[in-house]
Amino acid sequence: MRNFLKYGVRALIVLAIVVAAVAIWKRDELQRLMAVNSLFDADRIVHNFSHMNDAFLNVNVARGEAPIAPLTNGDSTSIPIGYDAWVKSRNITSFLVLHDGQVVHEAYYNDTTPQDLRISWSMAKSYLSALLGIVMDEGAIASLDDPVTKYAPSLKGGAYDAASIRDVLTMTSGVTFNEDYLDYDSDINRMGRVLALGGKMDDFAAELTETNSAPGVRWKYVSIDTHIIGMVIRGATGRDIPSLLSEKIIEPLGVEQAPYYLTDGVGVAFVLGGLNVTTRDYARFGQMILQDGQWHGKQIVPADWIADSTAPSAPTEPGKTQYGYQWWIPSDARPGEFFARGIYGQYIYFNKPAGVVIVSTAADRKFREKGRATDDIALFRSVVDGIQN
């Protein structure tokens with residue numbers, strides 16, 4: 001009996017040492033996983049959205065040596081009735097309005113500041129769309145109707161085998177992917193854990209095998225399609241996305257602060273939602289898009305690409321919000337009206353005829369409630385109406 005107890009105690013000690021060693025060895029991965037599990041907690045979400053680099057692997061997007069492009073102040077615009085209640089209900093963190101390129105309203109809430117690099121979530125998709133337009137214009141990709149496997153051969157034999165670049169650009173790939181953020185076992189949350197644990201996003205995408213329709217037939221918003229665009233750009237250029245975005249968009253914009261991307265375990269940028277940018281620099285990007293890709297005398301993004309990107313080309317359901325090349329268009333769109341959108345209330349909103357760009361960041365845990373997005377657009381339209389009147 002004594003020997004049994006002696007060996008049992010030794011076994012427990014050995015087990016404890018092994019567990020401790022594994023915990024030390026995997027400490028960073030475990031910390032990132034814990035960060036994912038508490039990322040959207042009510043008492044932490046605002047802080048987390050301004051400090052994503054504390055929890056995830058990341059890489060800077062160099063701003064270059066260009067001087068900061070000025071954002072001049074214009075006459076302050078009146079804020080519509082209901083704005084203060086909207087700010088509170090949406091847990092708004094920043095709100096900036098440009099009119100004819102000048103700042104006519106700028107405010108920060110919940111202890112955030114102009115220096116905060118705020119997580120874009122799916123607004124990053126619109127940045128990637130702009131980058132794709134540049135790459136297309138430079139001839140690295142021959143056609144939107146090329147199969148994605150031409151540039152990303154690791155996808156051969158999987159769910160994306162028959163999809164074209166146009167199919168993934170308009171979210172009509174037909175790939176089965178559960179985008180329910182509230183379901184722990186959904187594909188989007190499994191993907192988040194791959195990111196947190198230092199896995200490989202490319203492998204995750206290549207391992208998808210199921211489809212629910214032929215490519216190009218049915219619109220269904222699946223964020224993994226945007227990762228495929230990133231794979232195509234990388235395959236076509238032989239470059240990583242952060243360095244390309246830096247050279248082609250960020251440096252020419254003259255941003256105030258270098259953005260950063262969240263990355264997977266091998267440094268691949270989380271292009272579908274991992275870009276972190278200040279509110280004022282989101283506004284610079286927005287103003288460039290509003291000006292048909294021109295910025296301080298330079299054509300950054302081809303004008304015809306922006307026109308095509310922001311047109312409702314995807315086969316969305318009648319009466320629903322429309323979709324283009326990784327840009328959204330309201331179901332009842334006014335002329336020249338479109339927007340970039342990210343979960344939890346991130347927007348870059350455009351009204352081209354009025355010359356208005358609105359950047360709004362938030363930590364809205366109720367963002368999925370019915371009518372919420374419609375009411376957000378209504379608020380933005382009220383701001384535009386106030387400027388025009």
Side-chain angles (χ1 to χ4, degrees), residues 71 73-109 118 120-123 125-126 221 279-280 282-292 306-307 309-314 316-364 366-389:
L71 281 182
N73 292 325
D75 294 335
S76 296
T77 186
S78 59
I79 294 301
I81 295 172
Y83 170 80
D84 291 338
W86 177 81
V87 165
K88 185 176 180 180
S89 69
R90 295 313 195 262
N91 210 14
I92 296 296
T93 49
S94 69
F95 195 80
L96 189 152
V97 182
L98 294 178
H99 179 223
D100 293 337
Q102 293 187 311
V103 178
V104 295
H105 180 81
E106 183 176 11
Y108 297 86
Y109 305 95
R118 298 288 299 176
S120 63
W121 295 121
S122 288
M123 294 196 303
K125 294 178 170 68
S126 301
Y221 189 84
T279 297
R280 292 174 64 84
Y282 282 129
R284 287 179 171 87
F285 173 77
Q287 186 64 30
M288 179 269 291
I289 296 294
L290 188 82
Q291 296 170 176
D292 296 322
I306 293 175
S309 298
T310 58
S313 55
T316 54
E317 294 181 28
K320 300 291 186 180
T321 306
Q322 304 169 90
Y323 203 68
Y325 297 169
Q326 309 282 294
W327 290 92
W328 297 91
I329 304 94
S331 58
D332 59 343
R334 298 176 175 182
E337 186 182 41
F338 57 94
F339 56 96
R341 179 170 66 184
I343 57 171
Y344 293 89
Q346 326 311 317
Y347 289 94
I348 307 175
Y349 167 88
F350 301 80
N351 186 307
K352 290 188 72 175
V356 173
V357 176
I358 297 174
V359 178
S360 182
T361 66
D364 182 10
K366 298 179 180 179
F367 74 99
R368 279 200 173 277
E369 287 187 356
K370 186 176 181 180
R372 205 130 176 116
T374 301
D375 290 345
D376 292 340
I377 298 302
L379 187 283
F380 301 154
R381 287 174 171 176
S382 294
V383 173
V384 172
D385 293 342
I387 289 173
Q388 292 185 312
N389 298 328

Side-chain donor-acceptor contact under 3.5 Å, Ser94 with Arg118: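 Ser94 vs Arg118: no donor-acceptor pair found between side chains.
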Run the side-chain donor-acceptor check on residues 331-340: report pairs under 3.5 Å with partners two or more places apart or on a different chain.
residue: Asp332; atom: OD1; partner: Arg381; partner atom: NH2; Å: 3.1
residue: Asp332; atom: OD2; partner: Arg381; partner atom: NH1; Å: 3.1
residue: Arg334; atom: NH1; partner: Asp385; partner atom: OD1; Å: 3.2
residue: Glu337; atom: OE1; partner: Arg334; partner atom: N; Å: 2.9
residue: Glu337; atom: OE1; partner: Arg381; partner atom: NE; Å: 3.4
residue: Glu337; atom: OE1; partner: Arg381; partner atom: NH2; Å: 2.7
residue: Glu337; atom: OE2; partner: Tyr349; partner atom: OH; Å: 2.5
residue: Glu337; atom: OE2; partner: Arg381; partner atom: NE; Å: 2.8

Roughly how far, to the nearest 0.5 Å, is [atom2] of [Y] from [atom1] of [X]?
X	Y	atom1	atom2	value
Asn351	Phe380	CG	CZ	12.5 Å
His99	Ser76	NE2	OG	13.5 Å
Thr77	Asp75	OG1	CG	9.5 Å
Ser126	Phe350	OG	CZ	7.5 Å
Ile348	Ile289	CD1	CD1	8.5 Å
Trp86	Asp364	CH2	CG	9.0 Å

Criterion side chain to side chain contact (heavy atoms under 4.5 Å, CB included) on Phe95 and Ile358, from CA distance to verdict: CA-CA 7 Å; Phe95 195 80; Ile358 297 174; 3.6 Å; yes
Gln346 side-chain N/O to Thr361 backbone N/O, donor-acceptor pair under 3.5 Å: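 Not a single qualifying donor-acceptor pair exists.
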Donor-acceptor contact present, side-chain Ser313 to main-chain Ser309, <3.5 Å: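 Looks like no, no N/O pair under 3.5 Å.
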Could you pull out the closest heavy-atom pair between [X] and [Y], with the gap in Å?
X	Y	answer
Ala362	Thr93	N-OG1, 3.4 Å
Gly324	Ile329	N-CD1, 3.7 Å
Thr310	Trp327	CG2-CG, 4.0 Å
Pro330	Ile377	CG-CG2, 4.4 Å
Gly74	Gln102	CA-OE1, 3.6 Å

Contacts of Tyr344 that satisfy ring-ring contact (aromatic ring centres under 6.0 Å, His included) - sequence neighbours left out: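 With neighbours one apart ignored, the set is Phe40, Phe49, Phe367.
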Tyr108 and Thr279: CA distance, side-chain angles, deciding distance, side chain to side chain donor-acceptor pair (under 3.5 Å) verdict: CA-CA 9 Å; Tyr108 297 86; Thr279 297; 4.7 Å; no
With sequence neighbours excluded, residues passing salt bridge (charged side-chain N to carboxylate O under 4.0 Å, His left out) with Glu369: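 Listed in chain order: Arg372.
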Full working for side chain to side chain contact (heavy atoms under 4.5 Å, CB included) between Val103 and Leu98: CA-CA 5 Å; Val103 178; Leu98 294 178; 3.6 Å; yes
Sub-4.5 Å side-chain heavy-atom contact between Asp292 and Lys352: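 The answer is yes, as the side chains (C-beta and beyond) meet within the 4.5 Å cut-off.
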Heavy-atom check, side chain of Tyr282 versus side chain of Ser120, under 4.5 Å: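 They are in side-chain contact.
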Distance flag, aromatic centroids of Tyr347 and Trp328, threshold under 6.0 Å: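 Between Tyr347 and Trp328, which both carry aromatic rings, the centre distance is not below 6.0 Å.
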